[in-house]
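These notes concern the structure reproduced below.
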Amino acid sequence: MGIDLAFDDHGVYSFAYLDEMTKRMIRRAILKAVAVPGYQVPFGSREMPLPPGWGTGGLQVTASLLGREDMLKVIDQGADDTTNAISIRRFFARVAGVATTERTGEATVIQTRHRIPERALTEDQIIVFQQPQPEPLRRFIPHEVVARKLHAFAQYGVMYVRLYEDISRLGHVAMSSDYPVIVNGRYLASPSPIPKFDNPKLHRSRALALFGAGRERRIHAIPPFTDVKSLDFVDHPFTVQHFESCCSLCGAQDSYLDEILLDDGGRRAFVCSDTAYCAEQRGERTKS
Amino acid sequence: MRADMIPLAFRDPVHDSQSAFRRLLRALSRPGTPVSLPGPAEAPEPMGGPLAAIALTLADADCPIWLDPALSTERVRRYLHFHTNAPQLADPRAAAIALIGDAGWLPGLNGFHPGDAPYPDRSTTLILQLPALTGGSTVRLSGPGIETTTSLAPLGLPNWFWPAWHENAARYPLGVDIFLTDDRAVVGLPRSTNVEVP
(Lines give C-alpha, C1' and ligand atoms only; values in the text may rest on other atoms or scores of the structure.)
Protein backbone atom coordinates (compact mmCIF):
# COMPACT_ATOMS: atom_id res chain seq x y z
CA MET A 1 0.00 0.00 0.00
CA GLY A 2 1.57 3.31 -1.09
CA ILE A 3 1.38 6.66 0.62
CA ASP A 4 -0.95 9.08 -1.07
CA LEU A 5 1.01 12.18 -1.99
CA ALA A 6 -1.82 13.93 -3.80
CA PHE A 7 -1.08 17.56 -2.96
CA ASP A 8 -3.51 18.89 -5.51
CA ASP A 9 -6.26 18.66 -2.90
CA HIS A 10 -6.39 22.13 -1.35
CA GLY A 11 -7.83 20.54 1.77
CA VAL A 12 -4.30 19.71 2.93
CA TYR A 13 -3.47 23.41 3.37
CA SER A 14 -4.89 26.00 5.71
CA PHE A 15 -7.40 28.00 3.70
CA ALA A 16 -5.37 30.44 1.57
CA TYR A 17 -2.12 28.94 2.96
CA LEU A 18 -1.56 31.23 5.98
CA ASP A 19 -2.60 30.13 9.47
CA GLU A 20 -5.45 32.00 11.14
CA MET A 21 -3.29 33.89 13.64
CA THR A 22 -1.08 35.24 10.85
CA LYS A 23 -4.11 36.29 8.85
CA ARG A 24 -5.54 38.11 11.88
CA MET A 25 -2.24 39.96 12.37
CA ILE A 26 -2.17 40.99 8.71
CA ARG A 27 -5.84 41.95 8.80
CA ARG A 28 -5.24 44.25 11.77
CA ALA A 29 -2.34 45.84 9.89
CA ILE A 30 -4.49 46.33 6.77
CA LEU A 31 -7.18 48.11 8.79
CA LYS A 32 -4.57 50.48 10.29
CA ALA A 33 -3.16 51.10 6.83
CA VAL A 34 -6.61 52.08 5.54
CA ALA A 35 -7.15 54.40 8.52
CA VAL A 36 -3.85 56.23 7.88
CA PRO A 37 -3.54 56.35 4.07
CA GLY A 38 0.07 56.18 2.84
CA TYR A 39 1.57 55.29 6.24
CA GLN A 40 3.59 52.06 6.16
CA VAL A 41 2.32 49.70 8.84
CA PRO A 42 4.92 47.15 10.03
CA PHE A 43 3.74 43.54 10.00
CA GLY A 44 5.25 40.16 10.78
CA SER A 45 5.97 38.95 7.26
CA ARG A 46 6.05 35.17 6.93
CA GLU A 47 8.13 32.87 4.83
CA MET A 48 6.14 32.05 1.72
CA PRO A 49 6.66 29.27 -0.82
CA LEU A 50 8.11 31.86 -3.20
CA PRO A 51 11.37 33.81 -2.92
CA PRO A 52 11.20 37.38 -1.58
CA GLY A 53 11.07 39.68 -4.58
CA TRP A 54 8.51 37.52 -6.34
CA GLY A 55 5.53 39.04 -4.59
CA THR A 56 5.53 37.59 -1.08
CA GLY A 57 4.05 40.82 0.34
CA GLY A 58 1.21 40.90 -2.14
CA LEU A 59 0.73 37.18 -1.62
CA GLN A 60 0.27 37.59 2.13
CA VAL A 61 -2.15 40.49 1.73
CA THR A 62 -4.17 38.54 -0.85
CA ALA A 63 -4.18 35.44 1.36
CA SER A 64 -5.63 37.50 4.22
CA LEU A 65 -8.35 38.95 1.99
CA LEU A 66 -9.49 35.96 -0.02
CA GLY A 67 -12.74 34.17 0.64
CA ARG A 68 -14.45 31.33 -1.17
CA GLU A 69 -16.64 33.68 -3.24
CA ASP A 70 -13.78 35.78 -4.56
CA MET A 71 -12.69 35.93 -8.17
CA LEU A 72 -8.95 36.46 -8.42
CA LYS A 73 -6.97 38.05 -11.22
CA VAL A 74 -3.16 38.22 -11.12
CA ILE A 75 -1.06 40.31 -13.47
CA ASP A 76 2.65 40.78 -13.86
CA GLN A 77 3.63 43.94 -15.78
CA GLY A 78 0.06 44.03 -17.06
CA ALA A 79 0.13 40.49 -18.44
CA ASP A 80 -2.00 37.60 -17.20
CA ASP A 81 0.13 34.98 -18.90
CA THR A 82 3.64 35.48 -17.53
CA THR A 83 5.36 33.05 -15.16
CA ASN A 84 4.86 35.05 -11.95
CA ALA A 85 1.17 35.76 -12.66
CA ILE A 86 0.41 32.17 -13.59
CA SER A 87 2.21 30.71 -10.55
CA ILE A 88 0.44 33.01 -8.11
CA ARG A 89 -2.94 32.41 -9.71
CA ARG A 90 -2.40 28.64 -9.56
CA PHE A 91 -1.15 28.91 -5.99
CA PHE A 92 -4.39 30.46 -4.80
CA ALA A 93 -6.54 28.19 -6.94
CA ARG A 94 -4.82 25.32 -5.14
CA VAL A 95 -4.62 26.56 -1.54
CA ALA A 96 -7.89 28.51 -1.42
CA GLY A 97 -9.88 26.89 -4.20
CA VAL A 98 -10.87 30.35 -5.49
CA ALA A 99 -12.07 31.02 -9.00
CA THR A 100 -9.63 32.91 -11.18
CA THR A 101 -10.12 35.11 -14.19
CA GLU A 102 -8.19 37.17 -16.71
CA ARG A 103 -11.03 39.65 -17.20
CA THR A 104 -10.44 42.80 -15.20
CA GLY A 105 -14.17 43.56 -14.98
CA GLU A 106 -15.17 40.37 -13.24
CA ALA A 107 -12.35 40.10 -10.67
CA THR A 108 -13.05 41.01 -7.04
CA VAL A 109 -9.38 40.92 -6.00
CA ILE A 110 -6.57 41.83 -8.41
CA GLN A 111 -3.00 41.14 -7.38
CA THR A 112 -0.55 43.05 -9.51
CA ARG A 113 3.10 43.51 -10.11
CA HIS A 114 4.01 46.92 -11.52
CA ARG A 115 0.83 47.88 -13.39
CA ILE A 116 -2.73 49.09 -12.84
CA PRO A 117 -5.19 47.68 -15.40
CA GLU A 118 -6.30 50.09 -18.13
CA ARG A 119 -9.95 49.39 -17.51
CA ALA A 120 -11.20 51.60 -14.65
CA LEU A 121 -11.61 49.68 -11.41
CA THR A 122 -14.90 49.69 -9.52
CA GLU A 123 -15.78 50.09 -5.85
CA ASP A 124 -16.35 46.36 -5.51
CA GLN A 125 -12.74 45.60 -6.39
CA ILE A 126 -9.55 45.56 -4.32
CA ILE A 127 -6.18 45.89 -6.01
CA VAL A 128 -3.16 44.39 -4.22
CA PHE A 129 0.31 45.57 -5.24
CA GLN A 130 3.49 43.54 -4.86
CA GLN A 131 6.00 46.06 -3.65
CA PRO A 132 9.78 45.57 -3.41
CA GLN A 133 10.58 48.81 -1.54
CA PRO A 134 7.76 50.67 0.21
CA GLU A 135 9.98 53.41 1.66
CA PRO A 136 10.35 56.26 -0.88
CA LEU A 137 13.06 57.87 1.27
CA ARG A 138 15.23 54.74 1.43
CA ARG A 139 17.44 55.80 -1.50
CA PHE A 140 18.58 58.85 0.46
CA ILE A 141 18.00 57.78 4.06
CA PRO A 142 19.30 54.26 4.66
CA HIS A 143 18.60 54.60 8.40
CA GLU A 144 15.09 53.40 9.29
CA VAL A 145 14.86 55.45 12.50
CA VAL A 146 15.71 58.65 10.62
CA ALA A 147 13.29 57.92 7.77
CA ARG A 148 10.56 57.28 10.31
CA LYS A 149 11.25 60.64 11.96
CA LEU A 150 11.03 62.41 8.63
CA HIS A 151 7.63 60.80 8.07
CA ALA A 152 6.54 61.78 11.59
CA PHE A 153 7.46 65.41 10.92
CA ALA A 154 6.30 65.26 7.26
CA GLN A 155 9.76 66.51 6.26
CA TYR A 156 10.01 65.53 2.63
CA GLY A 157 12.45 68.17 1.39
CA VAL A 158 15.01 65.53 0.47
CA MET A 159 12.66 64.10 -2.16
CA TYR A 160 12.04 67.53 -3.65
CA VAL A 161 15.82 68.02 -3.82
CA ARG A 162 16.05 64.78 -5.79
CA LEU A 163 13.43 66.06 -8.25
CA TYR A 164 15.17 69.44 -8.43
CA GLU A 165 18.55 67.85 -9.17
CA ASP A 166 17.05 65.91 -12.08
CA ILE A 167 15.48 69.04 -13.48
CA SER A 168 18.66 71.11 -13.13
CA ARG A 169 20.80 68.41 -14.77
CA LEU A 170 18.46 66.94 -17.35
CA GLY A 171 15.64 69.43 -17.69
CA HIS A 172 13.03 66.95 -16.47
CA VAL A 173 12.42 64.49 -13.65
CA ALA A 174 14.08 61.25 -14.72
CA MET A 175 11.86 58.85 -12.81
CA SER A 176 9.60 56.91 -15.11
CA SER A 177 8.35 54.41 -12.56
CA ASP A 178 7.86 54.25 -8.78
CA TYR A 179 7.22 58.00 -8.96
CA PRO A 180 6.64 59.27 -5.40
CA VAL A 181 3.23 60.53 -4.33
CA ILE A 182 1.72 62.38 -1.37
CA VAL A 183 -1.31 60.49 -0.08
CA ASN A 184 -4.21 62.35 1.51
CA GLY A 185 -2.05 65.47 1.77
CA ARG A 186 0.15 63.91 4.45
CA TYR A 187 2.36 60.87 3.81
CA LEU A 188 4.99 60.54 1.13
CA ALA A 189 4.48 57.08 -0.34
CA SER A 190 5.84 54.90 -3.07
CA PRO A 191 3.17 53.62 -5.47
CA SER A 192 5.34 50.50 -6.11
CA PRO A 193 7.22 50.32 -9.43
CA ILE A 194 4.21 51.11 -11.61
CA PRO A 195 5.05 53.37 -14.57
CA LYS A 196 4.24 56.98 -13.75
CA PHE A 197 1.65 56.58 -16.54
CA ASP A 198 -0.45 54.77 -13.89
CA ASN A 199 -0.04 57.34 -11.10
CA PRO A 200 -3.13 59.37 -12.11
CA LYS A 201 -5.24 56.19 -11.81
CA LEU A 202 -4.51 56.13 -8.07
CA HIS A 203 -5.95 59.61 -7.54
CA ARG A 204 -9.49 59.27 -6.19
CA SER A 205 -9.73 55.72 -7.52
CA ARG A 206 -13.03 53.93 -6.87
CA ALA A 207 -11.19 50.78 -5.75
CA LEU A 208 -9.25 50.19 -2.54
CA ALA A 209 -5.50 49.82 -3.15
CA LEU A 210 -3.35 47.75 -0.77
CA PHE A 211 0.45 47.50 -1.00
CA GLY A 212 2.31 44.56 0.49
CA ALA A 213 6.09 44.46 0.89
CA GLY A 214 7.12 41.02 2.17
CA ARG A 215 10.87 41.43 2.55
CA GLU A 216 10.52 44.94 4.00
CA ARG A 217 7.59 43.83 6.19
CA ARG A 218 5.32 46.78 5.48
CA ILE A 219 1.75 47.25 4.34
CA HIS A 220 0.27 50.53 3.22
CA ALA A 221 -3.00 51.49 1.61
CA ILE A 222 -4.76 54.06 -0.51
CA PRO A 223 -8.49 53.98 0.24
CA PRO A 224 -11.01 54.84 -2.48
CA PHE A 225 -11.59 58.53 -3.23
CA THR A 226 -8.30 59.58 -1.65
CA ASP A 227 -6.21 62.42 -3.00
CA VAL A 228 -2.96 61.10 -4.46
CA LYS A 229 -0.64 63.83 -5.70
CA SER A 230 2.46 63.00 -7.70
CA LEU A 231 5.28 65.25 -6.51
CA ASP A 232 6.10 68.16 -8.79
CA PHE A 233 6.90 71.85 -8.92
CA VAL A 234 4.59 74.65 -10.08
CA ASP A 235 6.87 75.40 -13.04
CA HIS A 236 7.56 71.70 -13.71
CA PRO A 237 4.18 69.99 -13.40
CA PHE A 238 3.93 66.21 -13.29
CA THR A 239 3.37 64.63 -16.68
CA VAL A 240 2.95 61.03 -17.80
CA GLN A 241 4.65 59.18 -20.61
CA HIS A 242 3.28 59.83 -24.06
CA PHE A 243 3.53 57.28 -26.85
CA GLU A 244 4.03 58.23 -30.49
CA SER A 245 2.69 54.88 -31.67
CA CYS A 246 -0.42 52.88 -30.94
CA CYS A 247 -0.73 49.19 -30.05
CA SER A 248 0.13 47.16 -33.13
CA LEU A 249 -2.35 44.45 -32.15
CA CYS A 250 -5.47 46.33 -31.06
CA GLY A 251 -4.71 49.88 -32.16
CA ALA A 252 -5.34 51.35 -28.71
CA GLN A 253 -3.89 54.85 -28.29
CA ASP A 254 -4.73 55.27 -24.63
CA SER A 255 -2.89 52.32 -23.11
CA TYR A 256 0.62 51.80 -21.75
CA LEU A 257 2.76 50.15 -24.42
CA ASP A 258 5.60 47.64 -24.30
CA GLU A 259 8.25 47.77 -26.98
CA ILE A 260 8.92 44.46 -28.70
CA LEU A 261 11.99 43.79 -30.87
CA LEU A 262 10.96 41.81 -33.94
CA ASP A 263 14.22 40.82 -35.60
CA ASP A 264 17.99 41.32 -35.62
CA GLY A 265 17.56 44.24 -37.99
CA GLY A 266 16.10 46.30 -35.18
CA ARG A 267 12.50 46.30 -36.39
CA ARG A 268 10.22 46.92 -33.47
CA ALA A 269 6.56 47.10 -32.55
CA PHE A 270 4.55 48.39 -29.64
CA VAL A 271 1.86 46.34 -27.91
CA CYS A 272 -0.41 46.93 -24.93
CA SER A 273 1.20 45.92 -21.65
CA ASP A 274 -2.29 45.10 -20.29
CA THR A 275 -2.99 41.85 -22.17
CA ALA A 276 -6.61 41.57 -20.98
CA TYR A 277 -7.35 45.11 -22.17
CA CYS A 278 -5.73 44.41 -25.53
CA ALA A 279 -7.75 41.22 -26.00
CA GLU A 280 -10.92 43.06 -25.04
CA GLN A 281 -10.20 45.79 -27.60
CA ARG A 282 -9.80 43.13 -30.26
CA GLY A 283 -13.11 41.57 -29.21
CA GLU A 284 -11.36 38.37 -28.27
CA ARG A 285 -12.69 36.01 -25.69
CA THR A 286 -10.41 35.92 -22.67
CA LYS A 287 -10.08 32.98 -20.39
CA SER A 288 -12.32 32.95 -17.35
CA MET B 1 -28.20 26.04 27.66
CA ARG B 2 -26.63 25.79 31.08
CA ALA B 3 -25.70 29.12 32.65
CA ASP B 4 -22.07 28.09 33.16
CA MET B 5 -21.54 27.00 29.57
CA ILE B 6 -19.64 29.24 27.21
CA PRO B 7 -21.81 30.28 24.25
CA LEU B 8 -20.73 29.25 20.76
CA ALA B 9 -18.72 31.63 18.56
CA PHE B 10 -18.41 31.42 14.76
CA ARG B 11 -19.77 28.17 13.37
CA ASP B 12 -17.06 28.21 10.71
CA PRO B 13 -14.17 30.17 12.28
CA VAL B 14 -12.06 30.38 9.10
CA HIS B 15 -14.69 31.56 6.64
CA ASP B 16 -16.93 33.49 9.01
CA SER B 17 -14.02 35.59 10.24
CA GLN B 18 -12.81 36.10 6.65
CA SER B 19 -16.25 37.34 5.66
CA ALA B 20 -16.45 39.57 8.75
CA PHE B 21 -13.01 41.01 8.00
CA ARG B 22 -13.98 41.92 4.43
CA ARG B 23 -17.07 43.68 5.78
CA LEU B 24 -14.91 45.60 8.29
CA LEU B 25 -12.48 46.52 5.53
CA ARG B 26 -15.37 47.74 3.41
CA ALA B 27 -16.78 49.73 6.34
CA LEU B 28 -13.42 51.36 7.09
CA SER B 29 -12.65 52.16 3.46
CA ARG B 30 -16.14 53.66 3.01
CA PRO B 31 -16.59 55.63 6.23
CA GLY B 32 -20.13 56.48 7.26
CA THR B 33 -21.76 53.77 5.13
CA PRO B 34 -23.37 50.97 7.17
CA VAL B 35 -22.24 47.48 6.18
CA SER B 36 -24.29 44.52 7.39
CA LEU B 37 -22.26 42.26 9.69
CA PRO B 38 -23.74 38.93 10.77
CA GLY B 39 -22.88 37.95 14.32
CA PRO B 40 -21.56 34.61 15.59
CA ALA B 41 -23.90 31.77 16.47
CA GLU B 42 -24.26 33.05 20.02
CA ALA B 43 -22.93 35.94 22.05
CA PRO B 44 -23.51 36.65 25.72
CA GLU B 45 -25.61 39.70 26.60
CA PRO B 46 -25.06 42.62 26.32
CA MET B 47 -22.75 41.93 23.32
CA GLY B 48 -24.55 42.51 20.05
CA GLY B 49 -23.81 40.24 17.09
CA PRO B 50 -21.64 42.71 15.12
CA LEU B 51 -19.58 43.72 18.18
CA ALA B 52 -18.97 40.06 19.02
CA ALA B 53 -18.07 39.32 15.38
CA ILE B 54 -15.45 42.09 15.37
CA ALA B 55 -13.88 40.85 18.61
CA LEU B 56 -13.71 37.27 17.30
CA THR B 57 -12.29 38.42 13.95
CA LEU B 58 -9.53 40.71 15.20
CA ALA B 59 -8.58 39.80 18.77
CA ASP B 60 -6.08 37.14 19.76
CA ALA B 61 -3.19 36.57 22.14
CA ASP B 62 -1.20 39.36 20.40
CA CYS B 63 -4.04 41.85 20.59
CA PRO B 64 -4.91 43.02 24.12
CA ILE B 65 -8.47 44.21 24.66
CA TRP B 66 -10.27 46.44 27.14
CA LEU B 67 -13.92 46.08 28.15
CA ASP B 68 -16.04 48.97 29.37
CA PRO B 69 -18.09 48.51 32.58
CA ALA B 70 -21.21 47.65 30.56
CA LEU B 71 -19.48 44.68 28.91
CA SER B 72 -17.34 43.72 31.85
CA THR B 73 -19.44 40.79 33.00
CA GLU B 74 -18.13 37.38 33.95
CA ARG B 75 -19.91 35.75 30.98
CA VAL B 76 -18.51 38.20 28.41
CA ARG B 77 -15.01 37.91 29.86
CA ARG B 78 -15.09 34.10 29.82
CA TYR B 79 -16.54 34.06 26.30
CA LEU B 80 -13.79 36.31 24.92
CA HIS B 81 -11.08 34.57 26.90
CA PHE B 82 -12.14 31.14 25.64
CA HIS B 83 -12.68 32.09 22.00
CA THR B 84 -9.90 34.65 21.41
CA ASN B 85 -7.36 34.21 24.24
CA ALA B 86 -6.79 37.98 24.09
CA PRO B 87 -5.30 39.55 27.25
CA GLN B 88 -8.00 41.61 29.00
CA LEU B 89 -6.43 44.76 30.37
CA ALA B 90 -7.56 47.23 33.00
CA ASP B 91 -5.88 50.19 31.28
CA PRO B 92 -7.66 51.32 28.10
CA ARG B 93 -4.52 53.13 26.87
CA ALA B 94 -2.63 49.85 26.71
CA ALA B 95 -5.31 48.04 24.71
CA ALA B 96 -5.25 47.53 20.96
CA ILE B 97 -9.02 47.17 20.89
CA ALA B 98 -11.54 48.71 23.29
CA LEU B 99 -14.98 47.12 23.36
CA ILE B 100 -17.61 49.55 24.54
CA GLY B 101 -21.13 48.39 25.27
CA ASP B 102 -22.49 51.70 26.50
CA ALA B 103 -21.04 54.97 25.23
CA GLY B 104 -22.57 56.72 28.25
CA TRP B 105 -19.78 55.24 30.43
CA LEU B 106 -17.06 56.92 28.44
CA PRO B 107 -15.60 60.18 29.71
CA GLY B 108 -14.20 60.99 26.25
CA LEU B 109 -11.76 59.71 23.66
CA ASN B 110 -8.62 60.90 25.46
CA GLY B 111 -8.37 57.80 27.63
CA PHE B 112 -7.31 55.71 24.61
CA HIS B 113 -3.98 55.47 22.86
CA PRO B 114 -3.67 57.80 19.85
CA GLY B 115 -0.45 56.14 18.59
CA ASP B 116 3.02 57.70 18.53
CA ALA B 117 4.28 60.13 15.89
CA PRO B 118 6.68 57.56 14.34
CA TYR B 119 4.13 54.73 14.82
CA PRO B 120 0.57 56.06 14.46
CA ASP B 121 -0.61 52.45 14.04
CA ARG B 122 -0.01 51.78 17.74
CA SER B 123 -3.36 53.35 18.57
CA THR B 124 -6.48 51.89 20.15
CA THR B 125 -9.37 50.88 17.92
CA LEU B 126 -12.74 51.43 19.56
CA ILE B 127 -15.74 49.21 18.93
CA LEU B 128 -18.71 51.23 20.10
CA GLN B 129 -22.07 49.50 20.37
CA LEU B 130 -25.09 51.76 19.94
CA PRO B 131 -28.86 51.22 20.10
CA ALA B 132 -29.10 52.04 16.36
CA LEU B 133 -26.99 53.43 13.53
CA THR B 134 -29.86 55.63 12.31
CA GLY B 135 -32.38 57.90 13.95
CA GLY B 136 -29.99 60.21 15.80
CA SER B 137 -28.94 63.71 14.88
CA THR B 138 -27.29 63.96 11.49
CA VAL B 139 -23.66 64.84 10.88
CA ARG B 140 -21.86 65.23 7.58
CA LEU B 141 -18.66 63.27 6.93
CA SER B 142 -15.91 63.79 4.39
CA GLY B 143 -12.41 62.46 3.79
CA PRO B 144 -10.71 59.44 2.22
CA GLY B 145 -13.20 56.77 1.17
CA ILE B 146 -16.03 59.27 0.72
CA GLU B 147 -16.68 60.54 -2.82
CA THR B 148 -18.07 63.94 -1.80
CA THR B 149 -19.79 63.89 1.57
CA THR B 150 -22.00 61.39 3.33
CA SER B 151 -24.38 61.77 6.24
CA LEU B 152 -24.60 59.65 9.33
CA ALA B 153 -27.11 59.77 12.19
CA PRO B 154 -26.22 57.21 14.84
CA LEU B 155 -28.48 57.02 17.88
CA GLY B 156 -27.17 57.03 21.44
CA LEU B 157 -23.84 58.86 21.16
CA PRO B 158 -23.07 61.13 24.12
CA ASN B 159 -23.12 64.90 23.51
CA TRP B 160 -19.35 65.21 23.72
CA PHE B 161 -18.80 62.70 20.95
CA TRP B 162 -18.70 64.79 17.77
CA PRO B 163 -16.64 67.66 19.28
CA ALA B 164 -14.24 64.98 20.57
CA TRP B 165 -14.15 63.35 17.13
CA HIS B 166 -13.36 66.73 15.62
CA GLU B 167 -10.33 66.96 17.94
CA ASN B 168 -9.39 63.37 17.10
CA ALA B 169 -9.42 64.12 13.37
CA ALA B 170 -7.45 67.33 13.97
CA ARG B 171 -4.46 65.44 15.32
CA TYR B 172 -4.26 63.21 12.27
CA PRO B 173 -2.19 61.08 11.60
CA LEU B 174 -2.49 60.30 15.31
CA GLY B 175 -5.86 59.38 16.75
CA VAL B 176 -8.20 56.48 17.40
CA ASP B 177 -10.31 54.65 14.82
CA ILE B 178 -13.85 53.63 15.65
CA PHE B 179 -16.29 51.01 14.49
CA LEU B 180 -19.89 51.87 15.44
CA THR B 181 -22.20 48.87 15.66
CA ASP B 182 -25.85 48.16 16.35
CA ASP B 183 -27.55 44.78 16.29
CA ARG B 184 -27.09 44.26 12.54
CA ALA B 185 -24.42 46.42 10.98
CA VAL B 186 -21.15 48.28 11.37
CA VAL B 187 -20.03 51.78 10.37
CA GLY B 188 -16.35 52.61 10.07
CA LEU B 189 -14.96 55.89 11.32
CA PRO B 190 -11.20 56.06 10.62
CA ARG B 191 -9.24 58.98 12.06
CA SER B 192 -8.95 60.42 8.54
CA THR B 193 -12.69 61.21 8.48
CA ASN B 194 -13.69 64.82 9.08
CA VAL B 195 -17.04 65.65 10.60
CA GLU B 196 -19.24 68.67 10.19
CA VAL B 197 -22.01 69.11 12.73
CA PRO B 198 -24.77 71.23 11.22
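In what follows, chains carry the letters A, B, and so on, assigned in the order in which the sequence lines appear, proteins first and then strands, with residues in each chain numbered from 1. The figures here come from the full heavy-atom set of this structure, side chains too, leaving out hydrogens, waters and symmetry mates.
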With chain A as the partner, which of [options] has the greatest number of non-hydrogen pairs under 4.5 Å?
{"options": "B:Pro13, B:Cys63, B:Pro190", "result": "B:Cys63"}
{"options": "B:Gly188, B:Ser123, B:Pro118", "result": "B:Pro118"}
{"options": "B:Gly145, B:Ala117, B:Ala59, B:Ser192", "result": "B:Gly145"}
{"options": "B:Thr125, B:Val14, B:Ile97, B:Asp177", "result": "B:Val14"}

Got A:Tyr187 and B:Pro173 here, is their nearest side-chain heavy-atom distance under 4.5 Å? yes
Does a salt bridge link B:Asp116 with A:Arg148, judged by any charged N lying under 4.0 Å from a carboxylate O? no
Value for CZ (A:Arg27) from CG (B:Leu58), rounded to nearest 0.5 Å, stands at 9.0 Å
In short, salt bridge (Lys or Arg N to Asp or Glu O under 4.0 Å) pairs touching residues 49-67 of chain B with sequence neighbours left out are A:Arg24-B:Asp60, A:Arg28-B:Asp60
Of all pairs that satisfy salt bridge (Lys or Arg N to Asp or Glu O under 4.0 Å), the ones with a partner from residues 137-150 of chain B, not counting sequence neighbours: A:Arg206-B:Glu147
Examine whether an atom of B:Asp121 lies under 4.5 Å from a heavy atom of chain A, and if so say whether it belongs to the side chain, the backbone or both; otherwise answer neither. both
Heavy atom to heavy atom, less than 4.5 Å: which residues from residues 122-137 of chain A reach chain B? A:Glu123, A:Asp124, A:Ile126
Can you tell me which of A:Asn184, A:Val41, A:Val183 forms the most heavy-atom pairs within a distance under 4.5 Å of chain B? A:Asn184
Taking only heavy atoms into account, what residues of residues 16-36 of chain B are found under 4.5 Å from chain A? B:Ser17, B:Gln18, B:Phe21, B:Arg22, B:Leu24, B:Leu25, B:Arg26, B:Leu28, B:Ser29, B:Arg30
